[in-house]
Every structure is written in C-alpha cells, then in structure tokens.
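This report concerns only the one structure given below.
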2 protein chains.
Amino acid sequence: MGQRPTILDVAKKAGVSKSTVSLVLQQSASVKESTRVAVRQAMADIGYVYNRSAATLRSSSSGLIGLVINDLRNPFFAEFATSFQMELAQNGFATVLANTDEDPLLQSRTISSLIEHGVSGFVISPAYGQEEDTLAVIEAAGVPTLQVFRALSQDDDRFPFVAPDYKLGGTCATEHLLEMGCKRIAFLGGLNGRAVTQERMSGYLDVLARHRQEPVILTGEVTRRFGKQMVAKLAADHPDVDGVICFNDLVGLGVLSACVESGIQVGRDLRVVGFDDIQDCQDSFPALSSVSCHIPDFAKTTAAQILSWINDGVRPNDHQRSEVELAIRASSGQP
Amino acid sequence: MGQRPTILDVAKKAGVSKSTVSLVLQQSASVKESTRVAVRQAMADIGYVYNRSAATLRSSSSGLIGLVINDLRNPFFAEFATSFQMELAQNGFATVLANTDEDPLLQSRTISSLIEHGVSGFVISPAYGQEEDTLAVIEAAGVPTLQVFRALSQDDDRFPFVAPDYKLGGTCATEHLLEMGCKRIAFLGGLNGRAVTQERMSGYLDVLARHRQEPVILTGEVTRRFGKQMVAKLAADHPDVDGVICFNDLVGLGVLSACVESGIQVGRDLRVVGFDDIQDCQDSFPALSSVSCHIPDFAKTTAAQILSWINDGVRPNDHQRSEVELAIRASSGQP
DNA sequence: CCGCATTTTTGGAACGTTCCAAACGTGGAC
DNA sequence: GTCCACGTTTGGAACGTTCCAAAAATGCGG
C-alpha cells in the first residue's frame, strides 16, 4: 500500500463495503449514524484523500466552476473575482479563474480547456470579438453559463445575463451633479459603441436632455492614463465643463490625479463622479464619488444563481439588473 | 449516441484502435503522420472533446495548478496572478486561483480541496498562522510546491522559496533618497516581526547606519489608509522627516494622497518611495518611485520552475532571490 | 415468532482515459 | 526467399469513484 489509500482501504479498515464508504462521502442520509462515524474515523486513521477525478469521471460533475474574466488587472474585476471565489468555496466548489486580457482568441482557447476539465458551470465577463465561436463552443458542451457585466449576445437569449443597472447609475450620477449646481457636464471614457458604454451614457444623456443641457462626450479607453489626458483636453476644448461622469473609477482616478497636478480644485472647480466604486475610491484625494455596484453582494448573487442552476437545474432569468447606488464623496462635494 | 463522443467513437470513425487515438492525443511521436491527420479529422468531424477527468484518473496528472494567494485584492498579487495564469495557459496548464484573505484556516481548507482536485502543483503566497497544519497537508500529498513572496518555514527547507530581493530593494531606495539629499528618512508600514517587513527594513537600517542617520520606523498595515494616517503622525511627531520608504505601493499611494490633501509638496518637501512597482505608480500624482520586482518576469520564472518540477522532476533551489530595480519617478524627484 | 415494510448495506458494472506487453507490417540484409 | 529490426498499431487491464438493483438487517403489529 505504497499508494494513496482508496475507498476500498477505508472500507476494509471500517469493516464495511466500498459502497457504504461512497455513501458517507456523499453525505447520504441513508447511512446509519454509527457507521458514518466509523467510516469517518477510518478515513482519518489511514489518511484517506478523496479522488475527485474518479468521482468526476463516474458522475460527470466536477465541482469546478470556470470564472472567465476579460481584465483581471482592473481592480473592479479583481474584487469581484475574489468575492465570487470565496463564496463558491463556502459551497464546496473550486473556482478556476482565467484572464483573457480582452483577447477573444485566448478566450475561446481558455473556454475549451475549461470544458475539457469538466467545469460544471461558467461565469463569464466576455471579451468582445468572435462571439459566435465562443458561444457555440459553450453551447455545444451544454454547460450552464452566466454572463456577467457584459453580454456577447445582446439579442438572442442563449445565456442569461446579469449586470448592474448601468443606465440608472448614469442617471443618478448626472442628477447628482446637476443638484450640486454643475452647468456643463461631460462624459469621459468607455469604448464607443459598446453596450456598457451606451447604457451608462444613455442615463446621462436622458437627464441632460430633460434639463436642456448639451452633452460633452469624450469616449476612449478605460484607464487612469486616459483620465489624465482628458483633463488637459477638457481645459483646452471645453473650458466651461464643471462636472464629469467617468465611465469607470480608473478614468475617474486619472482625472483626479491630473487635476491635483494642474491645480484644479476638485469638488469646487470640477466635480467628478466615477463608476464601480472600487476600494481605491475611498482613499484617493479627494475621495471619489462613485456609482456603487455592491460588488460583494453582486458576487454572492451570481454565485447563488450559477449554483442553483447547476444543482437544481434552475436557469436564471435572461436579463437581470442589480441595484446601484451613488456613493457621494468629496470629489463631487462642496456645494 | 446521445452522449458525448469518446475516443472509441473517434477510433471507429477513423478506422483505427482507441489506443492509437490516445497516442494522437498525447502527441506521441510514434504515430504515422497520415493516421495522425485522419484521427484529428475524425475528431473534428464528430465534435470530440477530450475528457481530462478520465485522463487524470488513469495517469494521475491533472494539468491543473493551484495558485493560492493571501490577498488578491492587492493589485500587486492581482498582477502576479494574471501574468502567472497566462503563462501557464501557454503551456497547456489551467490555474485554479484561490484567495485566502490572510486566513490560515481558509487556507488549509482551500489547499485540501485543491489536493482533492488533483492539482499537479502549488504556487503559494501563504497566509501566516497554522504553519504546521498547512505544510503537513501539502507534504503528505507530495505535491510539488513553490512558496513565493513569503515563506511559512524560514528555517526548514520543506518547500523551495522564491522572492524578490527585498533587502536590496530597501537598500537601493534608501541610498537613492540619501543621494537626493534627504536628511531624515522614515520607514512606513509593514507588520512588525514579519520576515518580509524585516528584510525590507534591514536594507534601510544598514544604509542609515552607514550614514549615521537615526531611523524613524512606523510599522503597521499595508494599506492606502495607513499611509494617509501616517502623514499626519509624521507631521506631528517627526517634523524633520523629509523622505519616506514605504513598505509597499499601497502605503506609498496613501502617503501621496495625504500629502496632496495637506499641501505637502511631494518630491521637494517630502520624497517618497514605494515598493512593488504596481501599475498605479505610473499614473498617480506625482508618479510614485518604487522598487520594481518585474512582476511579469517573476511570474514567468515561477511558472517555468513549477512546470519543470512537475514535468521533469527538477526541484528548484531552496532559496532564490530575484532582481529588483528602483524605478525613479517624480515622487522622489527634484533635487 | 411470523410476515411485511422500511431502513441499511452491498457487489458488480459502468465512466473514458492511459499504460503495457505483445502483435503487426514493412523494408533491407543476407 | 527468409530473417530480423524497427516503426506502428493494438487489445485488455487498470485508475477510484458512483450508480443501480437487489440483498440483508431491522422494527413492528399481530
């Protein structure tokens, strides 16, 4: 017995059959308490470790969930991934986390690899491009899949999609800035034509239209750097702008640092609101107002949904929007 | 054949035996080119997908590597995890990423779970506490394991350990500040008594001793918040401090934002150096000087080492230090 | 103490690969 | 034409679980 012990060894030690051991492993209710204890004891005695590959092979269910993320370096996704992973761990599932770096090719390779590993489900914040390939592969495999934050297929309903209510976020942020007295509000960042950008922007546009303000829109990357650059551009091209809604917090934080650099008083000369409410928002100077998506809650909900799909076959609703809430801080601050 | 096709189906379709198909799957050199092509074609035709659980069961090697990280929300680790994961993907391995949130109990549970899944190796930046339990479990399983950034077992050599040369980093940073003319340099952050803190600090202490400067040490958390708080404390208790070495970039960025807030001119009144060189350093204001650990390279090396241990049985050296380099930016800037 | 319902336990057959020793086929040397 | 070596291919036996139908044990009313 130089090998690792198997359930057979456990069975022998405990004086029962392997089937009984298996039942114990599966927490079956139909095994008598006393034998359960005996079996557990035997396991501890001989140092048994469960072999999930064998179980997976036989039962075709792996206890593995693939989390495929387009940009893990973005703190927003990192925070989500962390919460999600810990939530799943609580439920006995392990998370295989993969970053696709916005590369659709890498994405479909990754997905194929995860399918080979027999993941029981996917949660995916997809990279754009090659939509058909990606979706087809998953569909062929028949693995429960939840799209989060972004949807590859806006129209068709192949996979349920859950995201924060971006539009409402845009609305809140814009209304807030108006209330603070802004006369001219710009929207910064976000790739043009992407659904997420359009949604966040549409909340902004609606509110402006209602208040008969002309929009100022500068779409682009979603990085700190871009935020910094746009401050100069605004100063040059749109000196009357006194409020900005940023596509996300990274852009917002970039704006903040550029303002500090060029002596613009954030919260007075220029009011800034970000999006996502990552943790950095609280520690920047000035602290960044932001549309909070309640990341940990969102992760919890997502985890619950994919689990109940896997375990109980309950497919989540196709389009879901989670609540958002504006976290007001100094960057949009003094009246 | 409502089921997924297996190698048997492929074999039938291609007119060969299942063994041959298996050989093709394993890229064996001993299969003739023409049959290889035929088999591949057959696979494509019937939509075969490889079942790794079966392979794992038989060959007891899963192509899965566990990456266990103590704090994924810290951008430094997120950057590392991302690079590492993508590097492994290149080599056909999938990464199971788990965050332990500095919780040793969660850590040992996580590790056990990953062992059940049959991970072929671990790369672990451990949470402190319960050292013996954690190490014993891994050791019993006999899984190749590389400790990175931190070591649970300083003394014994149960698992190889690789980390940036923290001490050298501390030395470089301190010398740099001296060269810039600082008369009094403080060290901020890092939990007291932890090896990493001591190493970073010892480089600092050595240099100060050589220049007969008295150290000012304020250990504590490794967060932005702590950095902010310490600026006030320094101003109150140590008004003569004109340079700070921060335990890591988070502390450094916190210092920066507090300085901006209270009107301290960073780079002139106070020179600041961080540690890790996360991406945010380049986009803060002012840009934060930092000791770079070359994260992507480090990840690459780590990946290579764990892979060659797994594939070729080459156990890496027990204690390794990777190069560090000071990235000089505006925060330590003007002479 | 028997019969019957119910609770527990059980042996054998999967699951889809890889491994191994042996068989096959082909071509060159004699 | 025979033999051997070498490059390919092959069937059967694992690997460690879960599933299933059926057997064994138990409890209970009469």
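Chain letters run A, B, ... following the sequence lines, proteins first and then strands; every chain starts at 1. Atoms considered below: every heavy atom in the structure, side chains included; atoms not considered: hydrogens, waters and symmetry mates.
Among dG16(C), dT18(C), dT18(D), the nucleotide with an atom closest to any side-chain atom of Y50(B) is dT18(C). Distances from the side chain of S17(B) to the nucleotides dT10(D), dG16(D), dT10(C) place dT10(D) closest. Across dC15(C), dC19(D), dG12(D), the shortest atom-to-atom separation from the side chain of S59(A) is found for dC19(D). Taking the side chain of T20(B) as heavy atoms from C-beta on, and the options dG16(C), dT10(D), dT18(D), the nearest nucleotide is dT10(D).
Contact annotation for T35(A): backbone-only contact, meaning every heavy-atom pair under 4.0 Å involves sugar-phosphate atoms and none involves a base. When heavy atoms are screened at a 4.0 angstrom cut-off, T6(B) is found touching the sugar-phosphate backbone but no base atom.
Remark: the R58(B) side chain and the dT18(C) base include a donor-acceptor N/O pair separated by less than 3.5 Å. Interface remark: the K32(B) side chain does not form any donor-acceptor pair with the dG25(C) base, using a distance-only criterion of under 3.5 Å. Counting atom types as modelled, S19(B) pairs a side-chain N or O with a base atom of dG11(D) as donor and acceptor under 3.5 Å.
When ring centroids are compared, F149(B) and F76(B) come within the 6.0 Å threshold.
In this structure, the NZ atom of K18(A) is 11 Å from the P atom of dT17(D), given to the nearest Å. The CD-C1' distance, from E33(A) to dA25(D), rounds to 18 Å in whole Å. Atom CE in M43(A) sits about 12 Å away from atom C1' in dT17(D), given to the nearest Å. Spacing between atom CG of L23(A) and atom P of dG16(D) amounts to 20 Å, rounded to whole angstrom units.
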When you look at F84(B) and L97(B), which way does the side chain to side chain contact (heavy atoms under 4.5 Å, CB included) test go after all the steps?
CA-CA 10 Å; F84(B) 182 79; L97(B) 179 49; over 6 Å; no
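Between E102(A) and R150(A) there is a salt bridge, with a side-chain nitrogen of the basic residue lying less than 4.0 Å from a carboxylate oxygen of the acidic one.
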